[in-house]
Amino acid sequence: MRPFDYVRPSGMPEATREASRAGSAFIAGGTNLLDLMKLEVMAPDRLVDINRLDMGECSATPAGGLRIGALVTNSDLAADEHVRRDYPLLSRALLAGASGQLRNKATTGGNLLQRTRCYYFYDTSAPCNKREPGSGCSAIGGATRLHAILGASEHCIATHPSDMAVAMQALDAAVEIENVEGQTRSVPLSDFYRLPGDTPQVETVLGSGDLITAVVLPAPVKGSQIYRKVRDRASYAFALVSVAAVVGVEDGTIGSVALAFGGVAPRPWRDHEAERILAGERPSDELFARFADEILREARGQGGNDFKIPLLRRTLIATLQSATDESR
Amino acid sequence: MTAYLKMDEPDRRNRLDSMAQGVIGQPLDRMEGPLKVSGTARYAHEWPVERLCHAVLVRSTIARGHVVRIDRSPVEAMDGVLAVIDDDRLLRNPAQGTAGKAPVQGPREIFYVGQPLALVVAESFEQARHAATQLRIETMATEAVLDPESESTDRERPEGKQTSQGDLDRAMAEASHSIDAVYHTPGHSSAAMEPHAAIAQWDGDDLTVHASCQMLKYNQEELADALGIDAGRVRIVSPYVGGGFGSKLGIAHDAVAAAIAARAVGRPVALALSRRQVFETTMRRSESRQRIRLAADADGLLTGLGHEALVSQLPGETFSEPVAQATHFLYAAENREIIHEIVRLNRTCAGSVRAPGEAIGMTVLETAMDELAVKAGIDPVALRKRNIPDKDPEDQRPFSSHMLDQALDRGAELFDWQRRRPEPRSTRRGEWLIGLGMSSAARVNSLMQAESRVTLGGEGVRIETDMTDIGTGTYTVLAQIAGEMLGVPMDRITTVLGDTDLPPGPGSGGSWGASSTGSAVYVACEEIRARIARKLGCRAEDLTLKDGHAITGNRSTALGELIGDAPISVRGVVEPGGTSKKVRQSTYGAFFAEVAVNDVTAEVRVRRMLGVFAAGRILNAKTARSQCLGGMTFGIGMALTEELIHDPRDGSIVNRDLAEYHLPVNADVPQLEVELLEERDPWASPIQAKGIGELGISGAAACINNAVFNACGVRVRSYPVTLDKILAEL
């Protein structure tokens with residue numbers, strides 16, 4: 001491990017100020033960062049430990065939603081009674097990720113910011129535009145089972161590994177961010193992640209010193225909530241594809257609908273435009289197929305992950321079938 | 001005093017059965033279990049050593065070429081760094097099992113990505129690890145061979161590994177039912193829980209290494225030869241080993257590099273491989289391409305059997321995965337052809353991993369047998385039973401003992417096989433298609449030369465040997481043999497293992513550990529019994545030893561009293577002899593699995609799995625069962641998830657950690673059932689036991705794949721059976 005400084009701010013302005021210094025990184029659960037530091041994939045000069053900040057609570061919002069503090073652990077969040085009652089999708093997604101021990105340490109903010117599991121990102125001897133901008137992408141032409149079929153670029157085909165974020169994407173979550181001036185802003189999760197384009201090293205809209213303080217869920221909408229994760233083994237594996245669905249059916253037609261997909265893109269994937277195909281329609285296999293076609297219109301395999309295209313198609317159709325089962 | 005037995009004749013006396021203590025075969029807990037679960041069993045890297053410093057290996061990032069220059073001075077100047085070493089004696093590859101001499105050395109010539117080229121020694125592990133990342137090694141790359149199936153690469157056909165009998169082509173042409181198919185299996189890593197690690201200390205010219213090793217007698221010679229010193233100057237200590245699975249058979253990079261470094265810096269040096277280095281530098285199982293030809297008459301009787309295997313290895317290495325090892329004798333067929341080919345390429349060294357040969361060879365043969373059963377419309381169990389030979393079909397030797405037939409019958413009964421519906425896609429539970437599959441198990445058996453010293457003193461019994469316990473139960477089963485033979489309760493028996501200062505054995509590998517070293521213990525105990533009988537003036541046959549007492553006629557004498565302060569110490573030696581040649585020795589069994597295949601996503605889940613095994617006398621029903629459970633769990637991994645993924649451009653292993661190399665996790669493993677059949681093999685050993693360690697994986701993956709076919713009608717001929725391969729045809 002490279003030598004690094006460690007600071008533990010006691011309060012808010014200090015935390016963002018410390019983190020705004022060059023070479024700094026926040027550390028919360030550390031379940032991903034410490035591994036990356038041991039491999040020197042990430043080599044911050046200073047760690048700003050935010051574990052003692054007051055961000056570990058869930059609370060109801062005036063709008064009937066839920067504000068999840070950035071330091072709420074994945075285990076606690078999955079077990080939270082409001083989450084289990086109103087956002088069961090989120091609870092299931094959390095429990096589909098990692099292992100019990102990791103979920104005990106991993107936090108809500110950290111989960112959003114975990115790095116890709118691309119083999120080549122982890123190999124410091126291999127070119128990687130995300131790790132070393134401009135060095136090239138080793139994944140293209142390499143082993144691509146884990147990689148993206150949507151939203152990738154010629155500079156990076158890595159996927160975002162989170163399950164939690166996929167569920168939050170379908171739940172229309174917003175990320176609450178505090179900057180170094182002490183100002184708070186709210187960014188919809190849909191706008192939080194950036195596609196790789198020619199800057200795959202820039203993964204989110206966070207600026208220097210910006211700290212995620214909470215994730216806010218809007219009031220729960222009526223309907224079925226499903227999280228379906230498909231992976232290479234029954235537990236402790238990242239999603240090949242996952243589907244998070246919130247679908248409400250009223251009087252035989254689809255009312256509210258939100259679908260997000262994991263394991264297939266550099267960010268939790270959601271296509272609001274395509275969802276319009278479903279809204280107001282009677283559920284049918286033909287309709288779901290049309291929706292799948294639209295979602296996958298620009299999907300492109302890399303060889304080793306070509307199977308994700310039919311797999312996502314089948315999984316999302318089956319998920320929609322289950323979500324609308326009672327009304328069909 | 002030495003007692004000696006050469007296994008030239010079968011031993012049908014079943015002496016252990018006529019003893020009185022009643023511990024042999026009992027499902028006793030492992031003696032060292034409490035130490036392990038409380039974290040107090042000391043593993044190689046945990047020995048407290050004064051002035052210890054740490055070394056970290058530096059890897060090659062190219063597949064073929066050589067080192068031009070090492071820019072050592074910037075690293076030597078770093079905080080805490082004590083030395084940068086690229087000694088000529090550093091290993092290129094680890095030693096193969098039972099080599100007993102130095103493996104290929106010389107780090108400057110590069111043969112695979114990940115090959116250690118140098119090491120950095122520093123005061124702390126963290127300093128060494130960081131410094132290792134900073135060491136710039138200039139290399140010159142030359143062309144590497146990377147594709148194991150390239151038509152343009154020469155294939156070797158080693159003599160003595162090819163069989164041709166009769167006319168297979170004609171048998172195929174005349175067959176009522178035939179199969180001619182090509183299958184693939186991927187590379188595997190042993191993936192033992194404890195990474196390879198060593199602490200080396202010099203005392204003058206004497207070297208002591210605490211290491212994680214499976215075969216100390218050989219490892220001592222390998223290490224000494226690699227260092228260019230006398231084996232008598234090397235002591236290896238390895239009392240606890242956190243799993244080996246073949247990867248610790250031969251001396252590896254860690255011990256040799258630590259010894260060189262400790263000499264260079266004049267201090268003890270610890271060197272542990274990182275998980276990634278374990279994947280890159282220790283033995284991998286070769287991937288394989290296997291073509292199976294089966295010709296059968298209308299009744300399913302095999303008339304022809306062909307098994308062609310192509311495996312890979314680095315140039316210069318003699319080992320190659322013996323894929324068709326069990327095909328030689330498992331099924332009768334007059335016309336036979338077995339071809340073994342090796343392609344030389346630049347991937348991590350291939351070696352023994354979890355039942356080399358049978359693990360993948362049986363898996364593929366048994367997949368093909370299932371295909372034949374389907375084609376011929378014969379029940380898969382019946383097809384196997386019909387083709388069991390009554391003697392070795394190639395050299396006509398009799399079998400030492402053979403319970404495949406019984407294992408198949410018993411397995412079918414326990415698993416309720418008759419309820420299976422032969423037509424695929426016949427059983428559905430919601431989205432899930434349910435199927436049943438089965439396969440035969442077989443693994444060759446061998447006895448190896450082994451020694452151990454057994455001392456009966458006033459306090460109890462002490463057993464000493466350099467044999468290792470790699471999690472298999474050696475401590476306990478050796479004590480059970482001595483306890484049974486000498487009538488001493490288990491709590492008065494001490495087993496001392498894992499030190500080259502003790503009498504040498506063959507170590508743990510090839511499933512031979514318990515039967516070989518156990519036989520040495522037995523031989524020593526027989527002699528001790530004879531001495532006790534002499535003291536009592538009776539015949540050894542008339543002597544009963546039980547609960548610390550010697551009983552003859554109506555006289556009972558406490559052993560402590562009898563021995564007084566003159567303990568009886570005997571060195572038992574067993575050596576393989578005529579029985580290894582006169583008969584064909586193998587263990588057998590049968591696997592049954594029920595799987596569910598998701599009709600939407602093609603995910604596969606194993607719902608239940610049964611193994612029925614015959615491996616001669618079972619020394620401890622619990623540790624034997626655990627061995628089988630482990631093998632079957634690895635079978636699930638082989639069937640569904642495990643695969644070394646090599647980058648096509650440089651052959652490097654890209655999934656070199658336990659997050660991406662998918663061993664089965666708890667959720668992948670359903671309730672496993674194991675039944676051990678009662679058997680005594682008089683030819684195998686004087687204790688009538690055979691090796692059981694690897695039997696549980698030898699063919700296991702096939703029963704799962706066959707069940708997948710029965711569930712969904714998709715036949716996957718490339719392991720592992722990942723969902724993408726099923727999805728394509730679902």
When [options] are compared by non-hydrogen pairs under 4.5 Å with chain B, the top option:
options: A:Y119, A:Y236, A:F238; answer: A:Y119
options: A:T124, A:V241, A:L146; answer: A:L146
options: A:A126, A:S125, A:A237; answer: A:S125

With rounding to the nearest 0.5 angstrom, report the [atom1] to [atom2] distance, [X] to [Y].
X: A:D232; Y: B:E660; atom1: CG; atom2: CD; result: 9.0 Å
X: B:E603; Y: A:L240; atom1: CD; atom2: CG; result: 8.5 Å
X: B:Q134; Y: A:E40; atom1: CD; atom2: CD; result: 6.0 Å

Please check this pair: side chain of B:R649 against backbone of A:S138, looking for a donor-acceptor N/O pair closer than 3.5 Å.
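Yes; judged by distance alone, with no hydrogens or angles, the pair exists.
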
Shortest non-hydrogen contact from [X] to [Y]?
X: B:V665; Y: A:S235; answer: CG2-O, 3.5 Å
X: B:P648; Y: A:G141; answer: CG-O, 3.7 Å
X: A:G142; Y: B:D647; answer: CA-OD2, 3.9 Å
X: B:D668; Y: A:R233; answer: OD2-CB, 3.2 Å

Contacting region of A:I317 [heavy-atom separation from chain B under 4.5 Å]:
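Answer is neither: A:I317 stays 4.5 Å or more from chain B.
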
Cationic N near anionic O, under 4.0 Å, B:R59 to A:D123:
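A:D123 and B:R59: salt-bridged.
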
Which atoms of B:L730 are under 4.5 Å from chain A, going by heavy atoms: the side chain, the backbone, both sets, or neither?
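For B:L730, the contact with chain A is made by backbone and side chain together.
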
Would you kindly check if the NZ (Lys) or CZ (Arg) of B:R275 is within the cone defined by 45 degrees around the ring axis of A:Y122 and under 6.0 Å from the six-membered ring centre?
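Because its charged atom misses either the 6.0 Å distance or the 45° angle limit, B:R275 does not stack over A:Y122.
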
Counting heavy-atom pairs under 4.5 Å with chain A, which one of [options] comes out on top?
options: B:D724, B:T61, B:N598; answer: B:D724
options: B:I645, B:D650, B:T133, B:N666; answer: B:T133
options: B:R656, B:H646, B:R276; answer: B:R276

Within 6.0 angstrom of A:D293 CG, more than 12 heavy atoms from elsewhere:
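Yes, CG of A:D293 has more than 12 neighbouring heavy atoms, counting only those of other groups under 6.0 Å.
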
Is it the case that atom CD in B:E76 sees more than 12 heavy atoms from other parts of the structure closer than 6.0 Å?
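Atom CD in B:E76 is crowded, with more than 12 foreign heavy atoms closer than 6.0 Å.
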
Is the shortest side-chain heavy-atom distance between [X] and [Y] below 4.5 Å?
X: A:R145; Y: B:N655; result: no
X: B:H662; Y: A:R231; result: no
X: A:F307; Y: B:L723; result: yes
X: A:R228; Y: B:V600; result: yes

